[in-house]
Amino acid sequence: MRTKFRTSRMPSGTRLSREFYQRDVLAVAQDLIGKSMIIRLPDMSYGNFPVNEVEAYRGSEDKACHAFRGRTRRTEIMYHEGGMLYVYLIYGMYWMLNVVTGKKDNPQAVLLRGVGNHHGPGKITRSFGIDSSFYGEDLTTSERIWFEDKGFKPEIKTGLRIGIDYAGEYWKTRPWRYFI
DNA sequence: TCAGTGATTAGG
DNA sequence: CTAATCACTGAG
């Protein structure tokens with residue numbers, strides 16, 4: 001953390017490490033539930049929002065994962081080692097915020113669907129002004145967004161991933177949505 | 001139930 | 001270049 005942004009309002013906690021994100025996406029997705037998303041707000045203070053809903057997208061095998069169609073400029077960041085952000089625009093209006101997980105060249109990501117009182121992937125990014133400038137952001141070094149463990153261990157429920165009817169019977173029935 | 005909205009992608 | 005698609009949202 002550069003001194004520049006160290007203020008009295010900086011939250012104290014344990015920033016999640018590279019190792020946390022480098023695990024398989026199903027483990028990371030579940031473990032992200034209850035962790036805190038720390039984000040720098042317009043007034044330069046930091047907001048703390050517990051993650052309450054996510055979905056896992058698991059590699060080139062997963063028909064619902066963007067990496068299913070291979071490496072493209074958009075999906076390139078998913079091939080990086082875990083701990084980066086994958087941000088993309090959908091329907092011309094909504095930025096989707098994803099956390100890249102797994103080892104290098106194993107394209108996986110966790111979609112954030114709910115943090116704090118913000119429910120809905122497009123609403124999260126709209127609320128915090130997250131856009132393409134966050135693409136490739138490194139969560140282990142960023143000064144404007146990262147995740148912390150504050151010791152909150154909620155009970156986790158599972159469900160089907162939303163909006164992937166095109167993915168075929170097997171992939172659309174994986175219970176890879178996790179929520180509180 | 002359905003329109004809005006534009007980047008991304010595959011294909012010619 | 002064209003056209004289809006889309007991990008969504010809000011209005012009616």
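Below, chains carry the letters A, B, ... as their sequence lines are ordered, and counting in each starts from 1.
A:Y86 and A:H80 form no side-chain donor-acceptor contact under 3.5 Å, judged by distance and modelled atom types alone. For A:Y57 and A:E55, the side-chain atoms include at least one donor-acceptor pair closer than 3.5 Å.
With sequence neighbours excluded, no residue forms a ring-ring contact (aromatic ring centres under 6.0 Å, His included) with A:F134. For A:S132, the side-chain contact (heavy atoms from CB on, under 4.5 Å) partners two or more places apart in sequence, or in a different chain, are A:W95. Contacts of A:K63 classified as side-chain contact (heavy atoms from CB on, under 4.5 Å), with partners at least two apart in sequence or in another chain: A:F68, A:A167, A:W171. Judged as a side-chain contact (heavy atoms from CB on, under 4.5 Å), and not counting sequence neighbours, the contacts of A:P154 are A:I33, A:F152, A:I180.
Reading DNA chain C from its 5' end, the first and the last nucleotide to sit under 4.0 Å from a heavy atom of chain A are C:dC6 to C:dG10. Protein chain A contacts DNA chain B from B:dG4 to B:dA10, reading 5' to 3' and using non-hydrogen atoms of the protein with a distance under 4.0 Å.
Remark: aromatic rings of A:F128 and A:F49 are close, center separation under 6.0 Å.
Put simply, CE on A:M84 and CG on A:L139 are 8.0 Å apart, with the number rounded to the nearest 0.5 Å. Considering CG of A:N98 and SG of A:C65, their distance stands at 9.0 Å, rounded to 0.5 Å. Between the CG atom of A:D31 and the OH atom of A:Y178 there is a distance of 10.0 Å, given to the nearest 0.5 Å. A distance of 8.5 Å separates CD1 of A:I77 from CG of A:L85, quoted to the nearest 0.5 Å.
Counting only residues at least two apart or on different chains, the salt bridge (charged side-chain N to carboxylate O under 4.0 Å, His left out) pairs with a member in residues 167-180 of chain A are A:E53-A:R177. Among pairs with a residue in residues 75-103 of chain A, those fulfilling salt bridge (charged side-chain N to carboxylate O under 4.0 Å, His left out) read A:R18-A:E81, A:R71-A:E76, at least two apart in sequence or across chains.
Contact check of residues 159-170 of chain A against DNA chain C (heavy atom, cut-off under 4.0 Å) returns A:I162, A:G163, A:I164, A:Y166. Taking a 4.0 Å limit (strictly below) on heavy-atom distances, residues 86-113 of chain A reaches DNA chain B at A:L89, A:Y91, A:G92, A:M93, A:Y94. At a non-hydrogen distance threshold of 4.0 Å, A:Y57, A:A64, A:H66 from residues 54-78 of chain A come into contact with DNA chain C.
Judged by the 6.0 Å and 45° rule, A:R23 forms no cation-pi pair with A:Y21.
Classified by interplanar angle (parallel below 30°, tilted 30° to 60°, perpendicular above 60°), the ring pair A:Y46/A:W146 is tilted.
With respect to the salt-bridge test (charged N to carboxylate O, under 4.0 angstrom), the residues A:E148 and A:K35 do not qualify. Ion pairing between a basic and an acidic side chain is recognised when a charged N comes within 4.0 Å of a carboxylate O; A:D149 and A:R15 show no such pairing.
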### Query
What would the secondary structure line of DNA chain B be in dot-bracket form, counting Watson-Crick and G-U wobble pairs under 3.5 Å, with [ ] for pairs that cross earlier ones and | for pairs with another strand?
||||.||||||.
